[in-house]
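I have placed the structure first, in the form of C-alpha cells, so that the comments after it can refer back to it.
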Amino acid sequence: MSDLPKSYDPSVIEKRWYAEWMARGYFHGDAAAPKAPFSIVIPPPNVTGYLHMGHALGRTIEDIFTRWKRMAAYNAMWLPGTDHAGIATQMVVERDLKEREGKSRHDLGREAFTERVWQWREKYGNRILEQLRVMGCSLDWDRTRFTMEPAYSRAVIEVFVRLHEEGLVYRAKRLINWCVSCRTALSDLEVEYDEGAQGELYEFAYPLADGSGEVVVATTRPETMLGDTAVAVHPDDPRHQSKIGKLIKHPFVAREFPIIADGQLVDPKFGTGAVKVTPAHDPNDFECGQRHQLASISILDEQGAVTAEGGPFAGLDRAAARKAVKARLKELGLERGSKPHVHAVGHCQRCNTVVEPMLSTQWFVKMEPLAQPAIKAVEEGKTRFVPESWGKTYMHWMTNIRDWCVSRQLWWGHRIPAYHCATCREITVARDTPKACSKCGGAELRQDDDVLDTWFSSWLWPFATLGWPDETRELRTFYPTTLLVTGYDILFFWVARMLMAGLHFCGKVPFRTVYLHTLVTDEHGDKMSKVKGNVIDPVDVIAQHGADALRFALAWLTTQAAQGKNIKFSMSNVEDARRFANKIWNAARFVLMNLEDYDPNRYADRTAEGPDGAEFELPERWILSRVQRATEEVNRALDEYRVADAAQAVYHFIWDEVCDWCIELAKPALSKEAPPHKLAERWKVQGALVTAMETAMRLLHPFMPFLTEEIWQTLPKPVAASQSIMITMYPIPDVRFLDDASEASMALVQKVVSAIRSLRAENNVPLSFRSRVFLNVADDYRKTILDGYQKLVSEQARCREVAVRRGGEPPVGPTAVAVAGDVEIVLMIEGTADAGAERTKLEKERTKLTSDRDFLAKKLTNPQFVERAPAAVLEKDRARLAELETALVRVAAALGRL
RNA sequence: AGGCGAGUAGCUCAGUGGUAGAGCAGGCGCCUUACACGCGCCGGGUCGCAGGUUCAAUCCCUGUCUCGCCUACCA
C-alpha cells in the first residue's frame, strides 16, 4: 500500500474505473425498481457538437446530483441523447460536401443529401457522448435517444397532428423572419439583434400625384421603398394634415398609393413625421397594412434579390438594390439627406446573415392556450427555478408570448405531416401518408416540403424519450423528471416550451426543478471563441489534469449566480482542484501506510452502538463529530442546490480538518516509537482516521468520482462492504457521534496551538527548539480542559513542556506573550526576545481590544438596546465583553512586564 | 423603452439585521519522514455613493452612479 506513487496520476485510473462501472451496469436506472425515482434528461447536445465548457459545467452538475441521489438509495436515471439540430447540422454537412466534392445540396437532391447527413451523423454524431464518458458522467447509456430516430419521430408527428386537430397548429401567410443565406424561415427567438449597430437614416421625398408638393420620409432600408403601398402620418400632425388622402406617385414603378393617417404607427416627434409603409417587409407596416387594407408587395425573393415587382431594379441583390435605389433617387433630385442612426439589426442565429422580414406562408403554433397552464404551474410551484429569480423572466416572456413559426425550408429534420392535394389544393394533416385527399378524394397528394423547427422536437424531450405516446413503464416511473439542468440562454427556446408541451400532452410538468446555470467565459469574462483564441477545451483539461480536477473546479465555481453574471474560468481553477486531488491522494497514502494490525471488523463492532464502546481520546471524539457536521453540511447544501457550498464544505473538511488536524494529531500514536501501551490503543486512532477518510471519499464521490473510487477501494472495510463506492450509501449524519463538548475542547486546543505557533514564528524560534510554555487561564474549567490536553498542545506546537496555571509567578528569562481568547500564553524563548517588536504587537492588540471593548460596553449601557434586543444577543454580547475584559487585563499585564 | 441583476480584500467570488469570510495572488519562515501539487505564520476591506427605517444596516426601503444581461422597439 505504501508504495503508492507520491503524486496522483488520474490518467490510468479514470479510464479503468469508467469501464468497470459500465461493465457492472451501475449507470442503469430500472423502471421497475421499487425505489423513489430520481430522473434527469440531458439537454441533448447537437450531433454536430463537441464538448465545450458549458456542457462540462451542466453535465458536472447533473452527474453530481445523479451520483448523490443514486448513493442516497434513489432509483437514479440520467438519460443521454442527441439532437438532430436542423440548420446547424445541415450547414455542417453542406460545408463538408462543398469542401470534399465542390457540390451543393441541390446537386445531390433532397433524398441523397438527407442520406448524406445520416451518414455524417453515424460517423460523428456520437463524438460528444464519448466525451461525456471521459468526464465520468454516469449516464444510463441503454436509454440513449436521438431526436430523429423512428420512435422519437413518431412522437413529433403525433404532437403536430394532435395540435392541428386541436386547432393549435395553423398555416398562414404572415410576416416572418427570413434568412436569405439559410433560405428558411426562422422563429423570433432565432433572430439575434446586435445592439447599437451604426446605420444610416436616409431621407427622400415622394412627389404627390397631383403635383401639389411632396412628402419626405425617412428609412434605414431605402430599397424597401420599392414595396411601399402607403405613407402614414399622424392624424393630429398639423404639418401633414392637409395631405391625408392625397396620392403619391411612385417614382420608379407604375403605382400610386395614398397618404394615410395612422396614430399607432407614427410618432410625430420622430424624423419628418411621415412613415413609408412597406407591409410585406416590416412587422409594424404589416399591421398598419392590415388596418388600412393596403396591398402587400413582396419585393425580395428567398435569396434576397429584388423581384419583378421592383421594376428596373429586379434581379439586384438587396445590398446592390439599396445602392441603386439611392443613386436613382439622387438623380431624380428626391434625396433629402441622411444622418447616422443607431439601431439594432436582426441576424440569423446560425449564419449571422442579416434577417429579412418577409411575407410568407408558414406553419405556426398558437401559443397562448399552451402558455396559460404553464404559467399557472410555475405560479403554483409545481416547477421551481433555481436561482428563483429566473421565474420572473419566465413569466414575463410567457405572458407576452407570440405564435411560433415552426416550419423550416430545410431538408434535415422532421418533414411536416401535411399533404397537399393536387386537385383541390386542400391540405390533409395526418399521422400516416393518406391515400386520398380528405376533401375531394383526389389521389394525387404531395407531402409538404418543409421540415419542423428543431425545437419542435426538443420540446418533447422529457417524455418522448420515455416512450410517449405509449404509456410506458418508463414514463410512469421517471416522468415528471426530477431536475433539469441547463444554461439560461435556452430558457425560452427549450425550458418554457418543454413546460408547455409536458403539461399539454402528459398533464404534468416535465420537471420539478429547473436549475439554470450561467455561461462559462474565460478568466476576463470574455466569451470563449475560436476567433479570439481563448477557448479552454475540457478535453485538453482532462488530458492534463484529469476529469476529477475539471469537475471539482467547475463545482467550486458553481454558485447560484445572479442574472447577467458568468463563471469566469481559468486553468488556475483546475490547477487548484488538482492540488486538492493530490492532497487527498497523499492523505490516503498516509492512512494506508499506518494501518499495521488494523482490523476494520473489530472497529465496526466496537463502534456499532456509538462512540462509547471505544473509549476514544479527544482527537477521535472530535473528528468523528466533525464527520457528522461535514456530512450534514454537504447534504444540506446539495438539497438546496448550492453546489459550490457543498464542494467547499467537503474541501474544507478534508483539507483543514482531516489533513491539518486529524492526521497530525494521529501521528504520535501511530509512530513506530510509540510506547507499548499506546500501541494497544492504536486501533482507535486508525479506526477514526479510516472512518474520516472513508466518509470523506463518499461525500466527495459525486464531485470527484474517479479518485474517490480508487482510494475507497484501497481503504480497509468490514467484510460486508459494497463492490464500489458508487453503490454504497451516501453518508448521513449519525447523531450518536455528535459531541459538542469535544468540539469545544478541541477548538480551544487549536486556538492555543495556533497562538503558540504564531509566537514561535514571530520570534523566529526554530522548529528544532522545543520551547517551554505557560498557559495562564482564568478559570478552573479552562484549566481542567487544558490540563487534560497539554500533551496534545505540546505535540502540535512542538513544545518541551506545557504548564497550565491560574496565576503564579512570572517565569524567569526571556518570554514572548500572546493572548488567545482568555488564555494567556507565555512562551520561553532562547536568546533575547525582541522587546520592541513585542511591545508594538501587544500595543496594537490592546488598541483593538480596547476599541472592541468600548464599543460593546457602550452598546450594553444603551437602555434601548438592553430593552429591545433579543435575550440571546444580549447574552452573547455580555459574554464577549467579559472575554474582552479578561484579554485586556492579560495584555496589560504582559506589557507591564516588558 | 421596460424588466432582471451586480457593485464586499490585489483578483475571482461567498455571506449574514448584531462592527465581515473563502480560494488564488502577496510577504516572512520552513525539505517538521503523507503531500514543496506541501507545512506554519503574517499583512490586506469606512461591504459603490446619499438619505431613510431600526436599539442595531454590508444586509431592509428610497434615491443616485457604474457595469452586466434579457425582452420589445427603433420610419
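Chain naming here is simple, since letters A, B, ... match the order of the sequence lines and numbering starts at 1 in each.
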(request) Would you sketch RNA chain B in dot-bracket for me? Only Watson-Crick or G-U wobble pairs with both distances under 3.5 Å count, crossing pairs as [ ], other-strand pairs as |, the rest as dots. (result) (((((((..((((.......)))).(((((.......))))).....(((((.......))))))))))))....
Might you list the N or O atoms of the protein lying below 3.5 Å from N or O atoms in nucleotides 31-33 of chain B, with each pair's distance?
from: B:U32; atom 1: O2'; to: A:R798; atom 2: NH2; distance (Å): 2.5

Distance between [atom1] atoms of [N] and [M] (Å, rounded):
N: B:G38; M: B:U12; atom1: C1'; result: 24 Å
N: B:G5; M: B:G45; atom1: P; result: 32 Å
N: B:G23; M: B:G40; atom1: P; result: 12 Å
N: B:C61; M: B:G43; atom1: P; result: 36 Å
N: B:C11; M: B:U54; atom1: C1'; result: 36 Å

Between the protein and nucleotides 1-9 of chain B, list every N/O to N/O distance that falls short of 3.5 Å.
from: B:C4; atom 1: O2'; to: A:Q563; atom 2: OE1; distance (Å): 2.7
from: B:C4; atom 1: O2'; to: A:Q563; atom 2: NE2; distance (Å): 3.1
from: B:G5; atom 1: O2'; to: A:Q563; atom 2: O; distance (Å): 3.4

(message) Checking side-chain polar atoms at under 3.5 Å, does A:K276 have a donor or acceptor matched by the opposite partner on A:T278?
(response) yes
(message) Could you tell me if A:Q563 and A:W390 have a donor-acceptor pair between their side chains, going purely by distance under 3.5 Å?
(response) no
(request) Between A:T559 and A:D576, just flag the one whose closest nucleotide in RNA chain B comes earlier from the 5' side. (result) A:T559
(message) Both A:V866 and A:K848 contact RNA chain B. Taking the nearest nucleotide for each, which residue is further toward the 5' end?
(response) A:K848
Give [X] one of three labels, base, sugar-phosphate or nothing, depending on what nucleic acid heavy atoms sit under 4.0 Å from its own.
X: A:N566; result: sugar-phosphate
X: A:Y8; result: nothing
X: A:R757; result: sugar-phosphate

(request) Counting heavy atoms from C-beta on, name the nucleotide in B:C73, B:G18, B:G23 closest to the side chain of A:W556. (result) B:G23
(message) Tell me if the side-chain of A:K6 makes a donor-acceptor pair with the base of B:C35, cut-off 3.5 Å, by modelled atom types.
(response) no
